[in-house]
There are 2 protein chains.
Amino acid sequence: MARFTHPRLEDVPLDLALHALADPNRLAMVARLAETERLSCTDAAPCDSIPKSTLSNHLKLLRAAGLIDTTQAGREMINTLRRAEFDGRFPGLLDAVLANRPV
Amino acid sequence: MARFTHPRLEDVPLDLALHALADPNRLAMVARLAETERLSCTDAAPCDSIPKSTLSNHLKLLRAAGLIDTTQAGREMINTLRRAEFDGRFPGLLDAVLANRPV
DNA sequence: TTTAATAGTTCGGCATTCTTGAACTATCGA
DNA sequence: TCGATAGTTCAAGAATGCCGAACTATTAAA
């Protein structure tokens with residue numbers, strides 16, 4: 001199955017990072033990963049009404065923004081937040097966004 | 001000429017705010033207004049290669065996100081950052097974004 | 001008081017991006 | 001080996017974004 005490419009954080013522009021976070025579903029997934037670390041794609045989903053293909057796309061975008069890392073484990077894809085790296089690249093940003101997330 | 005409507009900050013969702021900031025040109029305008037306060041539309045523009053209509057659209061979006069206030073003064077529209085209000089709504093967010101802005 | 005210039009908005013069409021169903025790949029369990 | 005599970009990829013329609021052209025409003029000049 002597909003092997004993913006993860007960008008170096010230094011190559012991620014701020015716009016892309018903000019764009020990735022500027023979607024309620026994606027932000028909810030990031031928030032989940034901030035709490036639970038190591039979630040399959042379906043487990044990372046904020047609700048089960050989101051189609052698989054849409055979910056897959058959201059995760060692809062989060063990967064491109066340097067926010068998550070995805071590795072294959074059996075037939076699941078395990079996602080983790082690249083917290084330390086992201087924070088190193090954009091200090092304080094993720095904290096500020098997560099702190100202001102709606103309940 | 002048109003009179004603008006400015007949203008109450010409490011009605012601005014985080015997604016909209018992030019989306020407004022997730023564009024290099026808009027972010028540059030916000031950064032400018034953070035320094036210079038009170039800029040006409042053309043003066044707020046990050047460069048003069050941006051078409052008027054595009055500029056107008058960007059500013060409309062920033063207004064809708066509760067980031068700027070626009071009032072008419074003669075034939076100019078004067079824009080100011082709604083800094084205190086925005087910070088009250090999303091504490092630390094604008095600071096974090098501006099601090100991470102590319103040079 | 002026309003006339004011209006300035007400052008920006010609005011509209012409409014093209015282009016890009018987003019969403020999602022359908023088909024596909026890969027892995028695991030029976 | 002067969003079926004079920006987990007997720008990707010593709011393609012088409014929907015939704016957004018960008019920008020030229022036409023328009024409105026205000027000021028300045030003639």
Side-chain angles (χ1 to χ4, degrees), chain A residues 1-7 12-13 15-30 32-33 36 38-65 67-80, chain B residues 1-7 12-13 15-30 32-33 36 38-65 67-80:
Chain A
M1 225 170 184
R3 250 339 95 63
F4 305 112
T5 57
H6 298 89
V12 175
D15 338 3
L16 187 57
L18 288 174
H19 176 71
L21 295 168
D23 174 277
N25 289 327
R26 284 195 296 267
L27 184 49
M29 292 193 239
V30 168
R32 257 194 187 197
L33 285 163
T36 310
R38 292 187 61 78
L39 288 174
S40 70
C41 296
T42 38
D43 289 348
C47 62
D48 41 2
S49 63
I50 300 178
K52 285 191 306 176
S53 51
T54 304
L55 196 60
S56 188
N57 250 318
H58 282 321
L59 290 165
K60 185 195 234 173
L61 225 158
L62 290 175
R63 263 194 304 277
L67 275 159
I68 66 170
D69 178 285
T70 307
T71 57
Q72 186 166 5
R75 65 187 136 174
E76 289 187 340
M77 303 293 172
I78 297 299
N79 303 282
T80 60
Chain B
M1 225 169 184
R3 256 329 100 62
F4 306 111
T5 58
H6 298 91
V12 174
D15 340 2
L16 186 58
L18 288 174
H19 176 71
L21 295 169
D23 174 278
N25 289 326
R26 284 194 296 266
L27 185 50
M29 292 192 239
V30 168
R32 258 196 185 194
L33 284 163
T36 310
R38 295 188 59 77
L39 288 173
S40 69
C41 296
T42 37
D43 289 348
C47 62
D48 41 2
S49 63
I50 300 178
K52 286 192 305 175
S53 52
T54 302
L55 196 58
S56 188
N57 250 319
H58 282 324
L59 290 165
K60 186 195 234 174
L61 225 157
L62 290 176
R63 262 193 304 277
L67 275 159
I68 65 170
D69 178 285
T70 308
T71 57
Q72 185 167 7
R75 65 187 137 175
E76 288 187 341
M77 303 294 169
I78 297 299
N79 303 283
T80 60

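Throughout, protein chains are lettered first and strands after them, A, B, ... in sequence-line order, and every chain is numbered starting at 1. FYI, side chains are in, hydrogens and waters are out, and symmetry mates aren't considered; it's all heavy atoms of this structure.
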Within the 4.5 Å heavy-atom criterion, are A:Leu59 and A:Met29 side-chain neighbours or not? yes
So, do A:Leu67 and A:Leu61 sit near enough that their side-chain heavy atoms are less than 4.5 Å apart? no
Pairwise distance [atom1]([X]) to [atom2]([Y]) - rounded to 0.5 angstrom:
X	Y	atom1	atom2	answer
B:Phe4	B:Gln72	CZ	CD	7.5 Å
B:Asn25	B:Asn57	CG	CG	12.5 Å
A:Leu27	A:Asp23	CG	CG	8.5 Å
B:Leu39	B:Glu76	CG	CD	10.0 Å

For the helix from C:dT1-D:dA30 to C:dA30-D:dT1, measure the angle between the helix axis at one end and the axis at the other, each built from five pairs, rounding to 10°. 10°
Spacing between [X] atom [atom1] and [N] atom [atom2], to the nearest angstrom:
X	N	atom1	atom2	result
A:Ile78	C:dT27	CD1	P	15 Å
A:Asp43	D:dT5	CG	P	15 Å
A:Arg75	C:dT27	CZ	C1'	6 Å
A:Ile68	D:dG7	CD1	P	12 Å
A:Met77	D:dT8	CE	C1'	8 Å
B:Asn57	C:dG8	CG	C1'	12 Å
A:Lys60	D:dA6	NZ	P	21 Å
A:Gln72	D:dT8	CD	P	10 Å

Contacts of A:His58 that satisfy side-chain hydrogen bond (donor to acceptor under 3.5 Å, both in side chains) - sequence neighbours left out: A:Arg26
Can you sort out the partners of B:Arg63 under side-chain hydrogen bond (donor to acceptor under 3.5 Å, both in side chains), two or more places apart, ordered by chain and number? B:Thr70
[X] has a side chain; which of [options] sits nearest to it?
X	options	result
A:Arg63	D:dT8, C:dG8, C:dT9	D:dT8
B:Phe4	C:dG8, C:dT9, C:dG29	C:dT9
B:Ser40	C:dG8, C:dA26, D:dT9	C:dG8

Please write out the pairs of protein N or O atoms and N or O atoms of nucleotides 14-17 of chain D separated by less than 3.5 Å, giving the distance to one decimal.
{"from": "D:dG17", "atom 1": "OP1", "to": "B:His19", "atom 2": "NE2", "distance (Å)": "2.9"}

Partners meeting side-chain contact (heavy atoms from CB on, under 4.5 Å) with B:Ala22 (sequence neighbours left out): A:Leu18, A:His19
Once side-chain contact (heavy atoms from CB on, under 4.5 Å) is applied, do any residues pair with A:Asp15, and if so which ones, sequence neighbours excluded? A:Pro13, B:Pro24
Which pairs would a plain distance check flag for residues 40-53 of chain A, meaning a side-chain donor or acceptor within less than 3.5 Å of a matching protein atom at least two apart in sequence or in another chain?
{"from": "A:Ser40", "atom 1": "OG", "to": "A:Thr42", "atom 2": "OG1", "distance (Å)": "3.4"}
{"from": "A:Ser40", "atom 1": "OG", "to": "A:Asp43", "atom 2": "N", "distance (Å)": "3.2"}
{"from": "A:Ser40", "atom 1": "OG", "to": "A:Asp43", "atom 2": "OD2", "distance (Å)": "3.3"}

Is a donor on one side and an acceptor on the other found under 3.5 Å between the side chain of A:Asp69 and the backbone of A:Thr80? no
Tell me, which of residues 47-54 of chain A have any heavy atom that sits under 4.0 Å from an atom in DNA chain D? A:Lys52, A:Ser53
Comparing nearest nucleotides in DNA chain C, the 5'-proximal residue of the pair A:Leu55, B:Asn79 is B:Asn79
